[in-house]
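To start, the structure under review is shown below, and the notes come after it.
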Amino acid sequence: MGAGNHQTPGLMKPKADMSVVDRILNGEIRAAARLIRDIEDGRPVAREALKTLYTSSGQAFVIGITGPPGAGKSSLADKLIEAFRGQGKKVAVVAVDPTSPFSGGAILGDRIRMNRHASDDGVFIRSMGTRGHLGGLSAATSDAVTVLDAMGWDIILVETVGVGQDEVEIVRTAHTSLVVMVPGMGDDIQAIKAGILEIANIFVVNKADRPDTDRTVRDLENLLDMNLPSEDEWRPPVVRTVALRQDGISELMEKIQEHRNYLLSSGRLARFEEEKSAQRFAELLKEGLFRQVHDRIQHEDRLKGILEAIVNKELDPYTAVDRILEEKLK
Amino acid sequence: MSERKLRLLVAKPGLDGHDRGAKIVARSFRDAGFEVIYTGLRQTPEQIVNTAIQEDVDAVSLSILSGAHNTLFPRVIELLREKDAADIPVFGGGIIPEEDIAGLKAAGVLAVFTPGTSTEEINRWVRETIRPRD
Ligand SMILES: Nc1nc2c(ncn2[C@@H]2O[C@H](COP(=O)(O)OP(=O)(O)OP(=O)(O)O)[C@@H](O)[C@H]2O)c(=O)[nH]1
Ligand SMILES: [Mg+2]
């Protein structure tokens with residue numbers, strides 16, 4: 001973690017004869033922006049570039065920010081960018097907004113809250129739609145993070161809305177996860193606790209200028225108490241912020257630093273990296289094997305017959321898969 | 001191979017505080033299936049150009065009501081050129097007098113839509129003109 005021996009992003013001039021990977025490692029914004037596009041559009045070139053970039057990644061500190069729509073995630077990101085810039089860190093942001101299920105289009109508006117940083121060369125912001133990404137949204141965002149990490153950004157913020165399964169998976173790839181709530185969510189806290197308790201490293205009650213802040217903080221604390229962790233485990237702190245002002249931001253920064261220290265001192269960071277690698281490897285293996293086998297039976301025009309036999313109960317899906325896998329192994 | 005999805009930046013430079021028009025255009029682009037990056041009011045040309053590059057957009061759509069179109073459009077185009085991003089086309093609209101349009105086009109603005117233009121018309125033009133950059 002911390003600043004690596006990479007080039008300062010944005011300072012190098014493009015060279016026509018350099019590969020995409022070299023251009024990105026050289027800090028070229030346009031090349032990175034294009035590669036992230038290729039990742040999103042499912043281009044094979046992206047996979048090739050990621051093979052090299054992956055081995056240069058692992059320096060950045062990744063912070064996930066999730067929570068319900070309009071909770072103030074982008075406004076908080078804006079303030080965190082400012083605070084990290086104040087420490088001389090270079091900050092990249094990946095901000096995910098929902099794609100319209102009707103048109104497939106999207107209005108990606110997270111930048112509205114942060115775009116004052118667009119004139120700062122030490123800040124890179126990228127908006128992503130949830131789309132129907134090949135290999136899943138979490139794969140696309142974590143690949144984008146890998147690109148930015150390899151490029152030398154010190155801090156990477158990942159903003160996602162919700163707390164659905166996709167978000168949980170995205171946030172799992174962050175070192176420190178912030179779950180942002182707003183006052184007056186008391187009842188909702190009960191409803192969503194299953195998902196959020198396990199992913200939140202820090203709870204933020206934003207819009208603390210509103211009534212009911214105390215009650216929401218208390219509800220959260222109670223919930224955490226009922227799930228008392230064992231001795232050496234991290235108990236998520238609850239931080240109050242007003243993202244429109246400066247309130248609570250320095251405390252939030254302190255808690256982020258404390259969690260980072262905890263990850264390092266407890267050996268949790270090493271375990272985190274192991275889990276993340278195992279998960280990524282398993283995902284890619286699953287995806288690759290599925291594509292290979294599926295493509296083959298489809299190519300041989302057998303898929304329709306197999307499915308028909310299963311529908312007619314002449315064949316069961318378990319035997320069908322066993323047979324195909326046996327063929328495959330021969 | 002999968003299709004590229006069109007990405008457009010809808011930006012609002014200048015000092016006027018109205019973005020109703022820009023939001024209507026942004027929504028119509030979304031409904032047409034495009035990804036729209038929307039940055040809010042009062043963006044400087046530098047912010048607009050950096051955003052366009054970081055977001056890898058296929059075109060920049062500027063909405064200008066302040067009367068400063070004759071300086072803002074050319075400035076954005078000039079900055080794109082300076083940053084090796086002249087391949088990102090610029091179009092736009094707003095309150096722009098008929099007699100200024102030829103000058104803007106000469107400065108490199110691809111199309112200028114005046115207030116009467118329907119979103120359908122703008123969308124048709126985008127679909128026919130703007131291609132995902134490859
Ligand atoms: N009163 C109050 N309003 C806030 C605060 N923080 C953010 N807001 C407002 O809440 C609205 C939503 O803020 P965003 O930062 O866009 O929230 P978000 O969680 O990123 O929203 P989505 O990305 O759309 O889910 C904006 O109008 C902000 O100005 C706060 O601390 N207090
Ligand atoms: Mg947001």
Side-chain angles (χ1 to χ4, degrees), chain A residues 9-10 13-16 23 28-46 74 92-95 97-121 123-134 144 148, chain B residues 1-13 19 22-58 60-61 76 79-80 82-88 119 123 126-127 132-134:
Chain A
K13 276 268 151 217
K15 292 212 185 73
R23 288 171 61 200
E28 232 188 90
I29 300 292
R30 284 216 85 184
R34 175 37 59 123
L35 181 58
I36 294 174
R37 177 85 173 268
D38 288 333
I39 289 168
E40 286 203 273
D41 289 337
R43 296 281 156 136
V45 287
S74 303
V93 181
V94 177
D97 261 336
T99 294
S100 158
F102 304 108
S103 68
I107 294 181
L108 309 174
D110 290 322
R111 286 190 88 109
I112 296 172
R113 314 284 169 213
M114 337 174 191
N115 226 36
R116 63 184 172 122
H117 300 292
S119 38
D120 179 353
D121 282 341
V123 178
F124 176 95
I125 303 171
R126 180 56 171 245
S127 314
M128 282 173 82
T130 49
R131 296 194 192 179
H133 282 102
L134 215 70
L148 297 169
Chain B
M1 206 181 310
S2 55
E3 282 254 325
R4 279 208 191 279
K5 195 177 283 272
L6 206 65
R7 284 169 71 85
L8 303 170
L9 171 60
V10 172
K12 190 89 198 61
D19 63 350
K23 279 180 176 161
I24 290 171
V25 169
R27 245 175 266 139
S28 82
F29 287 156
R30 174 199 59 197
D31 295 342
F34 309 144
E35 277 182 356
V36 184
I37 290 85
Y38 185 65
T39 52
L41 294 165
R42 298 192 185 90
Q43 299 291 302
T44 66
E46 285 77 9
Q47 288 171 324
I48 291 169
V49 167
N50 286 346
T51 300
I53 290 172
Q54 293 175 4
E55 297 285 356
D56 197 52
V57 295
D58 301 306
V60 177
S61 166
V76 168
L79 279 174
L80 282 169
E82 270 175 28
K83 302 211 169 186
D84 275 316
D87 55 322
I88 302 177
T119 53
N123 265 295
V126 167
R127 227 183 310 250
R133 294 171 304 109
D134 231 337

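A note on names: the letters A, B, ... follow the listed sequences, proteins ahead of strands, and every chain is numbered from 1.
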Student check: side-chain heavy atoms of [X] and [Y] closer than 4.5 Å:
X	Y	result
Asp84(B)	Glu28(A)	no
Tyr38(B)	Leu108(A)	no
Lys5(B)	Glu40(A)	no
Arg34(A)	Arg133(B)	yes
Val123(A)	Gln54(B)	no

Please determine, among Gly109(A), Ala32(A), Ser127(A), Ser119(A), the option with the most heavy-atom pairs under 4.5 Å with chain B.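 So the answer, after comparing Gly109(A), Ala32(A), Ser127(A), Ser119(A), is Ser127(A).
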
Could you give me the CA-CA distance, side-chain angles and deciding distance for Arg4(B) and Arg43(A), then say whether side-chain contact (heavy atoms from CB on, under 4.5 Å) is met? CA-CA 9 Å; Arg4(B) 279 208 191 279; Arg43(A) 296 281 156 136; 3.3 Å; yes

Can you check side-chain contact (heavy atoms from CB on, under 4.5 Å) on Ile107(A) and Lys23(B), steps first, answer last? CA-CA 10 Å; Ile107(A) 294 181; Lys23(B) 279 180 176 161; over 6 Å; no

Report yes or no: does Gln47(B) contribute a side-chain atom to a donor-acceptor pair with the main-chain N or O of Asn115(A) at less than 3.5 Å?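 Present.
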
Can you tell which part of [X] gets under 4.5 Å to a heavy atom of chain B, answering side chain, backbone, both or neither?
X	answer
Ser100(A)	side chain
Asp97(A)	neither
Phe102(A)	neither

What residue, out of Arg27(B), Arg42(B), Arg7(B), has the most heavy-atom pairs lying under 4.5 Å from chain A?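 Among Arg27(B), Arg42(B), Arg7(B), the one with the most close pairs to chain A is Arg7(B).
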
Do you know which of Asn50(B), Thr39(B), Ile48(B) has the most heavy-atom pairs under 4.5 Å to chain A?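 Going by pairs under 4.5 Å, I would pick Thr39(B).
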
Can you tell me which portion of Leu9(B) sits under 4.5 Å from chain A's heavy atoms? Options are side chain, backbone, both or neither.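 Neither the backbone nor the side chain of Leu9(B) comes within 4.5 Å of chain A.
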
Kindly indicate, with the supporting measurements, whether the criterion salt bridge (charged side-chain N to carboxylate O under 4.0 Å, His left out) is fulfilled by Glu55(B) and Arg37(A). CA-CA 8 Å; Glu55(B) 297 285 356; Arg37(A) 177 85 173 268; over 6 Å; no

